[in-house]
Peer 1: 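Quick one: structure below, then a few questions.
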Amino acid sequence: MSDAVAVFKCLADQSRIRIVTNLVKEPMYVELLAKSLNLAPSTVSFHLKKLEAAGLVTSYKEQYYTMYKMNEDVLKQSLQSFIVADNQADDEEMKRKEAYREKIIKNFFHYGKLKSIPVQRKKRLVILEEIAKAFEFNHDYTEREVNIIIADFHDDFCTLRREFIMEKLFEREDSIYRRIK
Amino acid sequence: MKILHVKEQLFHEIDMLIATAKDNINRYKVDDRKDEAIFEQIKINVYEIFRKMFQVSEKKALQELASVQQEVCFKTTYINYFEIIPSNWFESLEEAKANNDYEVVHIEEMKIKTMTEIKTLFEDLWEADYE
């Protein structure tokens with residue numbers, strides 16, 4: 001997602017669009033662009049650095065000048081391929097997260113029982129979410145009912161019940177618990 | 001009095017520069033040139049700093065009894081602000097250059113350039129003949 005956002009953010013500027021329009025025709029150096037666009041050379045330099053950071057232009061030395069040109073690979077890329085590429089990156093991220101969850105559950109549960117409550121918050125959240133699956137949404141539970149269900153997983157139902165509230169997996173009102181969607 | 005003459009001239013010039021910068025900001029915003037609008041605002045901030053420092057220096061100088069001493073005190077105090085205030089900008093500029101932070105380099109160079117513009121303007125006005 002970051003590449004597409006960086007490119008679009010970079011191009012959301014009229015001066016940079018004008019620079020890109022010029023560079024599409026031919027490579028240019030700062031002073032030439034400045035003259036063509038009626039901008040100060042320092043301003044053009046600033047914009048070129050931003051375009052370079054976003055991967056839209058590249059620079060090279062030619063005699064005394066630093067020339068700037070469009071990045072051909074980005075130029076040839078269609079809008080659709082930009083967005084699809086970033087969606088694929090999101091899928092990879094989801095797979096990584098799911099693999100992490102499965103690893104934590106495997107390490108901390110033994111035949112459905114929680115071996116110990118993780119110290120690390122990130123891991124603790126995974127096991128809380130797993131235990132929370134034993135509760136229905138849109139159902140009011142008394143504190144006693146919550147304790148009984150949690151006790152099936154681990155003896156320290158007090159800590160886990162408190163963690164449910166702190167991590168906003170459950171809400172509590174007048175000693176009645178409800179799982180949050 | 002020389003300080004008042006220079007003040008009138010300098011403030012007129014600074015106010016014109018601020019007005020131009022504000023016009024540029026409006027134009028750049030309409031044109032979707034957000035970065036350049038921000039640069040103009042930075043210039044305005046620098047103009048306003050040194051406009052204020054003139055008044056601070058003037059107030060300090062007026063505590064002196066003789067007018068000649070007032071002028072010397074004022075000029076020394078005001079010029080000193082052109083050293084003290086940008087000292088952080090120069091440090092920040094060097095650090096940005098060392099870290100290839102082109103955005104900060106551009107901003108600090110712009111602030112220093114704007115400060116120099118005001119300093120030169122003041123010195124030219126101060127040296128002018130008010131006879």
Side-chain angles (χ1 to χ4, degrees), chain A residues 2-24 27-62 64-71 74 79 82, chain B residues 13-14 16-47 49 86 88-121:
Chain A
S2 60
D3 285 345
V5 170
V7 166
F8 294 136
K9 264 187 170 175
C10 187
L11 290 175
D13 181 280
Q14 192 59 247
S15 291
R16 289 195 280 275
I17 290 283
R18 290 166 69 204
I19 289 171
V20 162
T21 306
N22 273 262
L23 292 181
V24 161
M28 295 173 93
Y29 55 94
V30 170
E31 287 75 16
L32 191 57
L33 274 165
K35 193 175 172 185
S36 169
L37 299 170
N38 196 26
L39 292 172
S42 58
T43 302
V44 169
S45 265
F46 170 83
H47 287 306
L48 283 169
K49 291 271 185 342
K50 272 213 158 178
L51 287 162
E52 214 170 0
L56 285 159
V57 308
T58 56
S59 60
Y60 61 94
K61 286 280 188 194
E62 190 173 278
Y64 308 111
Y65 298 103
T66 299
M67 302 296 289
Y68 290 86
K69 63 174 188 168
M70 287 303 299
N71 182 342
V74 173
L79 189 62
F82 238 120
Chain B
E13 293 296 326
I14 289 176
M16 293 275 287
L17 288 166
I18 290 174
T20 302
K22 283 182 176 174
D23 283 344
N24 287 339
I25 287 173
N26 290 334
R27 191 158 51 86
Y28 292 150
K29 280 182 176 174
V30 166
D31 269 355
D32 286 322
R33 290 159 72 179
K34 188 181 165 189
D35 286 332
E36 285 156 64
I38 291 170
F39 298 155
E40 293 298 304
Q41 185 58 54
I42 290 171
K43 283 185 197 172
I44 290 175
N45 293 346
V46 175
Y47 294 141
I49 285 170
N88 285 341
W89 303 346
F90 282 104
E91 279 178 27
S92 178
L93 175 61
E94 289 313 308
E95 197 181 348
K97 280 180 179 174
N99 288 290
N100 293 319
D101 188 341
Y102 64 88
E103 283 198 58
V104 173
V105 165
H106 185 75
I107 287 169
E108 299 302 335
E109 282 181 343
M110 192 176 18
K111 282 155 73 176
I112 290 165
K113 186 182 171 193
T114 307
M115 175 275 296
T116 307
E117 183 187 4
I118 299 295
K119 187 182 178 193
T120 305
L121 186 58

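Chain letters run A, B, ... following the sequence lines, proteins first and then strands; every chain starts at 1. All values reported here derive from a predicted model rather than from experimental measurement.
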Peer 1: With a 4.5 angstrom heavy-atom cut-off, could you sort out which part of A:Ala12 is near chain B: side chain, backbone, both or neither?
Peer 2: backbone
Peer 1: Please determine, by modelled atom types, if A:Ser42 and B:Glu109 share a side-chain donor-acceptor pair under 3.5 angstrom.
Peer 2: no
Peer 1: Take atom CG in A:Asn38; do more than 12 heavy atoms of anything else shown fall under 6.0 Å from it?
Peer 2: no
Peer 1: Can you check whether A:His47 reaches B:Arg33 side chain to side chain, under 4.5 Å on heavy atoms?
Peer 2: no
Peer 1: Side chain from CB out, backbone as N, CA, C, O: work out which of these in B:Phe39 comes under 4.5 Å of a heavy atom of chain A, or both, or neither.
Peer 2: side chain
Peer 1: Begin with the C-alpha distance, continue with both residues' side-chain angles, and end with the deciding distance and a verdict on side-chain contact (heavy atoms from CB on, under 4.5 Å) for B:Tyr28 and A:Gln14.
Peer 2: CA-CA 9 Å; B:Tyr28 292 150; A:Gln14 192 59 247; over 6 Å; no
Peer 1: Tell me the closest heavy-atom pair linking A:Arg16 and B:Asp35, and the distance in Å.
Peer 2: NH1-OD2, 2.6 Å
Peer 1: Can you say whether A:Leu39 sits under 4.5 Å from chain B via the side chain, the backbone, both, or neither, judging by heavy atoms?
Peer 2: side chain
Peer 1: Give a yes or no on this: more than 12 heavy atoms of other residues, nucleotides or ligands lie within 6.0 Å of atom CD of B:Glu95.
Peer 2: no
Peer 1: When you compare the side chain of A:Lys49 with that of B:Glu103, does any pair of heavy atoms fall below 4.5 Å?
Peer 2: no
